[in-house]
Amino acid sequence: MADSDVDMVPTRQVGAGSGNDNQPVPKDSDWVRLQSTDGFCYIVPRKVANMSGTIRNMLDTTGGYAEAQSRTCEIRERGVILEKLVEYMSFKAHHESIGTKEEVPVKEMLDRIPPEIVLELLLAADYQEGV
């Protein structure tokens, strides 16, 4: 897909003379690509990807990272781990508006995690800051 095909909102001023003036502002409805080390790719809404502090920083247009321009983040995890991270980020984005923690079906999410990947997933989630 060409950059001209991307639906972006009007530009914003980042700072006078910073060299980053008039960059397009990404919308939460934009899609980003998360790619694992073993070649699995997940295309998710930016809102879901932004549930991770690390990915949110990578996609921030003011940070100057290449991922912000390409909208592709290479996550240094196996595909099965990235799949569970994406699953949880989607779960978190969907349930972020719920009032109390008691109303969130956490057991439903925990039942989906195979015991053999729990430790690896814990380390990956810790690296992703806030997943």
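Positions are given from 1, in the same order as the sequence printed here.
- With hydrogens and angles disregarded, a donor-acceptor distance shorter than 3.5 Å links the side chain of Thr54 to the backbone of Tyr127.
- Side-chain contact between Ile113 and Tyr88 is absent, with no heavy atoms from C-beta onward closer than 4.5 Å.
- By the neighbour-count criterion of 12 heavy atoms within 6.0 Å, atom CZ of Phe40 is sparsely surrounded, having that number or fewer from other residues, nucleotides or ligands.
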Exercise. Between Glu77 and Ser36, is a side-chain contact (heavy atoms from CB on, under 4.5 Å) present by the stated rule, with each step listed?
Worked result: CA-CA 6 Å; Glu77 300 294 341; Ser36 70; 5.8 Å; no
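- When all heavy atoms of Ala49 and Leu59 are compared, the closest pair comes out as CB-CD1, 4.1 Å.
- Between atom CG of residue Leu82 and atom CZ of residue Arg76 there is a gap of 13.0 Å, rounded to the nearest 0.5 Å.
- Taking CG from Asn50 and NZ from Lys47, the interatomic distance works out to 10.5 Å, rounded to the nearest 0.5 Å.
- Here the side chains of Cys73 and Leu34 are in contact, with some heavy-atom distance below 4.5 Å.
- Contact detail for Val86 and Val48: the closest heavy-atom pair is O-CG1, 4.4 Å.
- A search for salt bridge (Lys or Arg N to Asp or Glu O under 4.0 Å) contacts involving Glu120 returns Arg78, not counting sequence neighbours.
- A distance-only check finds a donor-acceptor pair linking the side chain of Asp38 to the backbone of Gly79 [under 3.5 Å].
- For the pair Gln128/Met51, no side-chain contact is recorded, criterion being any heavy-atom separation below 4.5 Å from C-beta on.
- Shortest non-hydrogen contact noted between Val80 and Ile117 is CG2-CD1, 4.3 Å.
- Within the 4.5 Å cutoff, the side chain of Arg56 has no heavy atoms near those of the Asp60 side chain.
- Annotation: side chain to side chain donor-acceptor pair (under 3.5 Å) contacts of Asn57 (sequence neighbours excluded): none.
- A side-chain donor-acceptor contact under 3.5 Å links Lys84 to the backbone of Arg112.
- A 4.5 Å side-chain heavy-atom check between Met89 and Val44 finds every atom pair outside the cut-off.
- Taking each heavy atom of Arg71 and Trp31 in turn, the nearest pair found is NE-O, 3.5 Å.
- Contact between Glu83 and Tyr42 at its shortest, heavy atoms only, is CB-OH, 3.3 Å.
- Contact of the His95 side chain with the Pro105 side chain is registered, since non-hydrogen atoms from C-beta on lie closer than 4.5 Å.
- Both Val118 and Leu85 are assigned to one and the same hydrophobic cluster, defined by single-linkage of ILVMFWY side chains at heavy-atom distances under 4.5 Å.
- Side-chain contact between Ile55 and Ile75 is present, with at least one heavy-atom pair separated by less than 4.5 Å.
- A heavy-atom distance below 4.5 Å is not found between the side chains of Glu74 and Glu67.
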